[in-house]
Amino acid sequence: MRRWTFMMVLILSLYACQKAEKTQKEEAKSPPLQIGQVLYQEVASYIDATGSVEPDKDGLVKISPRLPGVLQSLNVNVGDRVRAGELLAVVKAPDSTDLYAQKLSLNAQLANAERLYKLKEELYQIGAVPKSEVMDAETNYKVLKAQLQGVEEKLKILGGGKGGLSGVYAPMEGIVYQIKARPGDSVDTSTEILSLVRPSRVLVVAQLPEKEAFHVKVGDKVEFSISVFPDRTYTGRVKYVSDVVDPETRTVKVYIVPDRVEDFKVNMFFKIRIYTGKSTYAVIPESALLYKEGRFFVYTMEDGKAVLKEVQFVKELEGKRVAVLGLQEGQKVVLNPMLEEKP
């Protein structure tokens, strides 16, 4: 009996030694927990968006013909840079034969009206006619004179030929923004053939979700970049936030004035970051953050134990750090939290 008891004690002792040795080996293989400290830091708040270059409405000039007719040709395309006085389009005006006939008729009518006006003035001076007849004669004379001047101006624009061609010229240096008419279209003095934009008068227009646009105000700093120039960062300021929400996309337009525009072209597409102020957040290394089932967590050290705690993710920061809500300054967090995650 004693022998049997001795054997059992020996076996249990060997088992305990083997288990302790195994535990020591496993502990030796497991790396230690790395601990970091929560810091509170002022972080810039910003909104990321996309946008494009559009002309400032104050720098947009609409071009119309000086005479009605048929648009015969267009000499420019969208995006072309033009000089002041450059020929943009040609309009074939109606045959000028009728205008010549009108001019001759008005010349004769005007000569008669002038003689009648002078005669009425002389008769009025001797009391032969009332003042009203003089005034009627004067009005008729001035109307015919204005009509004749209009016809002569049209003939001048036509260049003095029958079936004349009227040129449409650029009133300024600019870039062709839109073309609204095509050769063969009937046009008149109210028809917008095309529009020009001044190169120095452009805006960057961002489309923001209405909830985010609420945080943007005039004067906010803006940075934007474009893949064409990956090494360049442009800056500007918010000029205006639209009061209108697009009913389909639920977005609001934000108009931005760039600080420099020498590289910009109308309809260029930019990545935009609008800075809306600064706030103080808890800042921790990115490695401390766990994402599970659509939520974010960290392990905090409490009484020497790692305790899982939910936090609210705010944004990524430079240097592989993140800003979060839900932690106190000075708290200890586990930097390698996967060690605490049980399989």
Fill in: Whether Asp80 side chain and Asn77 backbone form a donor-acceptor pair below 3.5 Å
yes

Worksheet item: In Å and rounded to the nearest 0.5 Å, what is the CG to CG distance from Leu39 to Leu327?
Response: 11.0 Å

Worksheet item: With a 4.5 Å heavy-atom cut-off, do Val134 and Tyr117 have their side chains touching?
Response: yes

Discussion item. Tell me the closest heavy-atom pair linking Ser73 and Pro183, and the distance in Å.
Written reply: CA-CG, 4.3 Å

Worksheet item: Hey, what do you get for CZ (Arg182) to CG (Leu74), rounding to the nearest 0.5 Å?
Response: 7.0 Å

Discussion item. For Tyr124, does the six-membered ring have the charged nitrogen or CZ of Lys131 within the cation-pi criterion, i.e. under 6.0 angstrom from the centroid and within 45° of the normal?
Written reply: yes

Fill in: Beyond-backbone contact of Val176 with Ser195, side-chain heavy atoms, under 4.5 angstrom
no

Discussion item. Is there a path of hydrophobic side-chain contacts, each under 4.5 Å between heavy atoms of I/L/V/M/F/W/Y residues, joining Ile274 to Val241?
Written reply: yes

Worksheet item: Going by the angle between their ring planes, with limits at 30° and 60°, are Phe270 and Phe224 parallel, tilted or perpendicular?
Response: perpendicular

Discussion item. To the closest 0.5 Å, what do you measure between CG (Asp136) and CD (Glu138)?
Written reply: 10.0 Å

Fill in: Charged N-O contact under 4.0 Å between Asp220 and Lys217
yes

Worksheet item: Nearest heavy-atom pair of Val61 and Arg198: which atoms, and what distance?
Response: CG2-NH2, 4.5 Å

Item to complete: In sequence, state the C-alpha distance, the side-chain angles, and the governing distance for Glu192 and Lys180, and then conclude on salt bridge (Lys or Arg N to Asp or Glu O under 4.0 Å).
Response: CA-CA 6 Å; Glu192 180 186 343; Lys180 296 290 189 72; 3.6 Å; yes

Worksheet entry | Ionic contact status for Arg250 with Glu210, cut-off 4.0 Å | yes

Item to complete: Consider only side-chain heavy atoms of I, L, V, M, F, W and Y, link residues closer than 4.5 Å, and tell whether Val204 and Ile226 are in one cluster.
Response: yes

Practice prompt. For the residue pair Val91 and Val187, establish whether any side-chain heavy-atom pair is separated by less than 4.5 Å.
Written response: yes

Worksheet entry | Working for side chain to side chain contact (heavy atoms under 4.5 Å, CB included), residues Asn75 and Leu87 | CA-CA 7 Å; Asn75 298 347; Leu87 181 65; 3.3 Å; yes

Worksheet item: Is there a path from Val252 to Val218 through hydrophobic residues (I, L, V, M, F, W, Y) whose side chains come within less than 4.5 Å of each other?
Response: no

Discussion item. Between Ile193 and Leu71, does the side chain to side chain contact (heavy atoms under 4.5 Å, CB included) criterion hold? Intermediate values first, please.
Written reply: CA-CA 9 Å; Ile193 294 179; Leu71 184 61; 4.1 Å; yes

Discussion item. Is it true that, when you exclude Lys320 itself, more than 12 heavy atoms of the residues, nucleotides or ligands shown sit nearer than 6.0 Å to its NZ?
Written reply: no

Practice prompt. Locate the shortest heavy-atom distance separating Ala49 from Gln207; write the atom from each residue and the value.
Written response: CB-O, 4.2 Å

Worksheet entry | Close side-chain approach of Phe297 and Leu289, heavy atoms under 4.5 Å | no

Fill in: Atom CZ of Phe214 with >12 non-hydrogen neighbours under 6.0 angstrom
no

Item to complete: Mind running side chain to side chain contact (heavy atoms under 4.5 Å, CB included) on Lys309 and Tyr299 for me, showing each step along the way?
Response: CA-CA 6 Å; Lys309 181 177 179 60; Tyr299 276 100; over 6 Å; no

Worksheet item: Between Asp56 and Lys239, is there a salt bridge with N-O shorter than 4.0 Å?
Response: yes

Worksheet entry | Any side-chain heavy-atom pair of Gln37 and Gln331 under 4.5 Å | no

Response to the item:
Distance col, row Asn336:CG vs Ile35:CD1, nearest 0.5 angstrom, shows 7.0 Å

Worksheet item: Minimum heavy-atom separation for Leu196 to Leu194, with atom names?
Response: CD2-CD1, 4.1 Å

Worksheet item: NZ/Lys221 to CG/Asp259 distance, rounded to the nearest 0.5 angstrom?
Response: 9.0 Å

Discussion item. Quick one about Glu54 and Tyr177 (side-chain donor to acceptor, distance below 3.5 Å, no hydrogens or angles considered), yes or no?
Written reply: no

Worksheet item: Do Leu208 and Thr251 have side-chain heavy atoms sitting under 4.5 Å apart?
Response: no

Worksheet entry | Note, Arg321 side chain near Glu286 side chain (heavy atom, < 4.5 Å) | no

Worksheet entry | Separation between CG of Asp303 and NZ of Lys305, rounded to the nearest 0.5 Å | 8.0 Å

Worksheet entry | Whether Ser287 side chain and Leu335 backbone form a donor-acceptor pair below 3.5 Å | yes

Worksheet entry | Single-linkage hydrophobic cluster, 4.5 Å side-chain cutoff, Tyr281 and Val333 together | no

Worksheet item: Using the ring of each side chain (for Trp, its six-membered ring), is Phe296 parallel, tilted or perpendicular to Tyr291, with breaks at 30° and 60°?
Response: tilted

Worksheet item: Judged by atom type as modelled, is there a donor-acceptor pair below 3.5 Å linking the side chain of Arg83 to the main-chain atoms of Glu173?
Response: no

Worksheet item: For Tyr46, is the NZ or CZ atom of Lys278 found under 6.0 angstrom from the centre of its six-membered ring and inside 45 degrees of the ring axis?
Response: no

Discussion item. With a 6.0 Å cut-off (strictly less than), is the heavy-atom count around NZ of Lys118, excluding the residue itself, greater than 12?
Written reply: no

Item to complete: Measure across Ala282 and Tyr40 and return the closest heavy-atom pair with its distance rounded to 0.1 Å.
Response: CB-CE1, 3.7 Å

Worksheet, complete the sentence: Met338 and Leu290 have their tightest heavy-atom pair at SD-CD2, 3.5 Å

Discussion item. Are Val38 and Val322 linked, directly or through intermediate hydrophobic residues, by side-chain heavy-atom contacts shorter than 4.5 Å (ILVMFWY only)?
Written reply: yes

Discussion item. Taking Lys120 first and then Glu133, would you say they form a salt bridge - that is, a charged N and a carboxylate O separated by under 4.0 Å?
Written reply: yes

Worksheet item: Do Asp188 and Thr191 have a side chain donor and acceptor closer than 3.5 Å?
Response: yes

Worksheet entry | Evaluation steps, side chain to side chain contact (heavy atoms under 4.5 Å, CB included), between Met301 and Val334 | CA-CA 7 Å; Met301 298 302 297; Val334 177; 3.7 Å; yes

Discussion item. Would you say that Ser132 contacts Met135 through its side chain, given a criterion of any heavy-atom pair below 4.5 Å between the two side chains?
Written reply: no

